[in-house]
J.: 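Sharing a structure below in structure tokens format, with a few things to ask.
Quick note: numbers below take in every heavy atom, side chains included, and nothing from hydrogens, waters or symmetry partners. Quick note: residue numbers are just sequence positions, from 1. Remember, it's a predicted structure, so these values are computed and weren't measured experimentally.
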Amino acid sequence: MTALPALELTQAVADLLADPETAPTGSHAAADRQHLAYGVPGIALLHVERAAAGLGPWQRAHDWLAAGTQKPLTSGADSHPFYGAPAFAYVLACAAEHQPGSYQRALATLNAQMAKDVRRRLDAAHWRIDTGRPPALAEFDVVRGLAGYGAHLLHHTPASPLLRGVLEYCVRLTEPITDHGDLLPGWWTASGPSGQPDERYPGGHANNGAAHGVGGVLAFLALSARRGILVNGHREAIRTILAWLDRWQQDSGQGTGWPYWVTRAELRSGRLSSGGPRRPSWCYGTAGLARAQQLAAIALEDANRQAEAERALAAALTDPSQLRATTDRGMCHGFAGLAHIAARTADDARPETAALLRATLPPLLSAVCPPGADPAETAAAIARDKAAGSGFLNGAAGTALALLAPATATPPRSAWDACLLLA
């Protein structure tokens with residue numbers, strides 16, 4: 001798949017999702033009006049990025065934002081970075097950067113509410129640490145937790161004292177805790193990977209994922225350090241997470257990878273109990289973790305680690321077994337997301353690995369739209385996939401967004417992928 005069909009596919013998706021009143025019935029937008037992952041905010045984000053890049057009209061973004069805010073937005077304890085007022089604040093901020101004077105009143109209101117929520121969450125998190133209890137995934141992760149709030153603050157209000165507060169919390173999160181005689185990483189959670197109690201994970205687990213685990217915290221700390229925004233213990237916290245990932249890295253014969261999580265039994269034995277190929281996605285797996293480690297290595301000026309992370313991603317994206325485990329087109333754990341991460345990583349890569357990463361792009365794009373397929377027909381099939389929906393993480397809007405950078409060889413014009421802590 002060359003750049004032109006990829007752009008035709010994104011154009012076709014954007015046209016199908018042009019009007020909230022006529023969007024495909026397979027969309028989750030109505031049921032998930034406030035959800036960045038599945039509903040209106042993610043579709044608006046597609047139109048924000050296309051308008052910022054000069055590929056589409058701003059009116060489409062405005063229409064979707066208006067559709068999503070006709071009813072009150074959820075705030076407070078029931079909201080999070082991907083749901084409710086914070087999700088809309090993120091999309092409005094992306095739009096406002098390219099539309100001076102627009103959305104300012106609404107954005108000020110949403111940001112004020114979000115600041116209250118972040119302060120409340122920080123107070124609760126520090127109290128939890130002080131009492132020696134393990135965190136919930138939703139305390140710190142990218143989708144529901146403080147790393148996700150930090151992503152918004154870093155890109156849109158970097159001078160905010162709240163950003164430093166979130167960074168200081170993330171540093172404390174890397175301090176070890178002790179439970180039943182076991183020395184655990186500070187991000188160890190008593191739940192299963194779903195965030196709920198799970199008898200399959202007695203003693204809990206340490207989640208490594210970029211979406212729900214410490215991979216997202218690593219990316220947040222690294223991106224902040226790269227911008228010169230540091231707090232006490234910042235670099236040491238980055239090194240602590242990297243040392244943990246080094247401890248559990250695996251050599252598949254095709255390259256280096258990392259487990260999605262580590263259980264209490266695995267921690268005690270020092271050995272992973274499960275193996276086999278897994279998809280190298282953003283949410284879990286080598287793609288998200290390799291990008292986070294590349295960013296960390298750049299922040300630490302560690303050329304060897306940077307090259308290792310880049311080679312790990314290139315190997316994963318050319319490993320037939322890992323690619324066979326990838327079965328959808330979307331952004332979160334599909335081929336479009338892999339193409340976007342490869343393009344983002346290549347832009348920052350060392351010369352000897354940048355070419356390897358860029359060479360993975362044509363096959364990844366072809367996996368989204370096979371050679372000879374009609375981009376418009378493929379777009380229609382993606383947009384009408386009832387299981388995936390039309391949204392951001394798994395659906396049509398995210399697929400189209402993720403194709404833009406690899407298809408145009410140009411980084412995003414808006415900060416749309418900041419919520420994934422990819423840049």
Side-chain angles (χ1 to χ4, degrees), residues 1-29 36 38-68 91 94-95 97-99 328-332 334-344 361-386 388-417 420:
M1 184 178 182
T2 64
L4 181 58
L7 285 176
E8 291 174 349
L9 176 59
T10 63
Q11 176 72 58
V13 169
D15 290 344
L16 287 167
L17 300 179
D19 187 341
E21 298 297 325
T22 60
T25 57
S27 172
H28 289 229
L36 176 60
Y38 312 117
V40 172
I43 298 172
L45 200 57
L46 167 64
H47 294 300
V48 167
E49 170 61 23
R50 286 181 54 79
L55 299 173
W58 279 103
Q59 188 62 44
R60 290 181 175 181
H62 178 77
D63 288 347
W64 277 98
L65 288 168
V91 181
C94 288
E97 289 181 352
H98 297 272
Q99 293 278 280
D328 66 271
R329 297 181 174 106
M331 177 155 51
C332 181
F335 286 105
L338 295 180
H340 181 73
I341 293 171
R344 272 300 207 181
L361 294 177
L364 293 172
L365 294 175
S366 292
V368 180
C369 186
D374 185 319
E377 292 179 0
T378 302
I382 293 171
R384 291 183 170 85
D385 183 336
K386 291 185 178 181
S390 295
F392 177 66
L393 274 191
N394 300 319
T399 301
L401 269 170
L403 291 176
L404 282 171
T408 61
T410 303
R413 302 297 179 88
S414 70
W416 75 260
D417 60 350
L420 306 176

J.: Output all residues satisfying side-chain contact (heavy atoms from CB on, under 4.5 Å) with Ala397, sequence neighbours left out; order by chain, then residue number.
T.: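 Listed in chain order: Leu17, Ile43, Leu46.
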
J.: Not counting sequence neighbours, which residues clear side-chain contact (heavy atoms from CB on, under 4.5 Å) with Ala373? List them please.
T.: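 If we apply the side-chain contact (heavy atoms from CB on, under 4.5 Å) test to Ala373, skipping adjacent residues, the hits are Cys369, Pro370, Thr378.
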
J.: With Ala53, which residues qualify under side-chain contact (heavy atoms from CB on, under 4.5 Å), at least two apart?
T.: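 Here the qualifying residues are Glu49, Leu55, Arg413.
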
J.: Tell me, which pairs form a salt bridge (charged side-chain N to carboxylate O under 4.0 Å, His left out) where one or both residues lie in residues 54-68, sequence neighbours left out?
T.: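 Every pair satisfying salt bridge (charged side-chain N to carboxylate O under 4.0 Å, His left out) with a residue in residues 54-68: Asp15-Arg60.
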
J.: For His340 and Ala402, which heavy atoms make the closest approach, and how far apart are they?
T.: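 So the two residues come closest at CB-O, 3.4 Å.
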
J.: With the side chain counted from C-beta on, respond yes when Cys94 and Leu45 share a heavy-atom pair under 4.5 Å apart, and no when they do not.
T.: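 They are in side-chain contact.
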
J.: Could you tell me if the side chain of Leu7 sits less than 4.5 Å from the side chain of Leu404, heavy atoms only?
T.: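 Side chain of Leu404 against side chain of Leu7, heavy atoms only: contact under 4.5 Å found.
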
J.: Starting from the C-alpha separation in whole Å, work towards a yes-or-no answer on side-chain contact (heavy atoms from CB on, under 4.5 Å) for Trp58 and Val48.
T.: CA-CA 7 Å; Trp58 279 103; Val48 167; 4.1 Å; yes

J.: Please tell me if the side chains of Pro375 and Gln11 come closer than 4.5 Å, counting only heavy atoms from C-beta onward.
T.: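 Result no, sub-4.5 Å side-chain heavy-atom pair not found.
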
J.: Of all the heavy-atom pairs spanning His47 and Ala14, show the shortest one and how long it is.
T.: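 Nearest heavy atoms, His47 then Ala14: CE1-O, 3.4 Å.
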
J.: With heavy-atom distances below 4.5 Å as the criterion, would you say the side chains of Asp328 and Phe335 are in contact?
T.: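 No; the side chains remain at least 4.5 Å from each other.
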
J.: Do Leu393 and Leu420 make a side-chain contact, defined as non-hydrogen atoms from C-beta onward lying under 4.5 Å apart?
T.: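 The answer is yes, as the side chains (C-beta and beyond) meet within the 4.5 Å cut-off.
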
J.: In terms of relative ring orientation, are Phe392 and Trp416 parallel, tilted or perpendicular, with 30° and 60° separating the classes?
T.: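 Geometry flag for Trp416 against Phe392: perpendicular rings.
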
J.: Grab the two heavy atoms, one from Ala61 and one from Ala44, that are nearest each other, plus how far apart they are.
T.: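 Smallest interatomic distance, heavy atoms only, reads CB-O, 4.1 Å.
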
J.: Might you point out which heavy atoms bring Ala18 and Trp64 nearest each other, and give the distance in Å?
T.: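 The answer is O-NE1, 3.5 Å.
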
J.: I need the minimum non-hydrogen distance between Ala342 and Leu364, along with the two atoms involved.
T.: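 Closest approach of Ala342 to Leu364: CB-CD1, 4.4 Å.
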
J.: Taking side-chain hydrogen bond (donor to acceptor under 3.5 Å, both in side chains) as the definition, give me every residue that meets it alongside Arg329, ordered by chain and number, with sequence neighbours left out.
T.: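 Applying side-chain hydrogen bond (donor to acceptor under 3.5 Å, both in side chains) to Arg329 gives none.
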
J.: Is the side chain of Ser390 donor-acceptor paired with the backbone N or O of Gly395 at a distance under 3.5 Å, no angle test?
T.: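 Between the backbone of Gly395 and the side chain of Ser390 there is no qualifying donor-acceptor contact (under 3.5 Å).
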
J.: Show your working on side-chain contact (heavy atoms from CB on, under 4.5 Å) between Asp417 and Met331 and close with a plain yes or no.
T.: CA-CA 11 Å; Asp417 60 350; Met331 177 155 51; over 6 Å; no

J.: Of all the heavy-atom pairs spanning Ala343 and Leu361, show the shortest one and how long it is.
T.: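 Heavy atoms only, the tightest pair is N-CD2, 4.0 Å.
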
J.: If the condition is side-chain contact (heavy atoms from CB on, under 4.5 Å), which residues does Ala379 pass it with, not counting sequence neighbours?
T.: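 By the side-chain contact (heavy atoms from CB on, under 4.5 Å) rule, Ala379 matches Leu9, Ala12, Val13, Leu16.
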
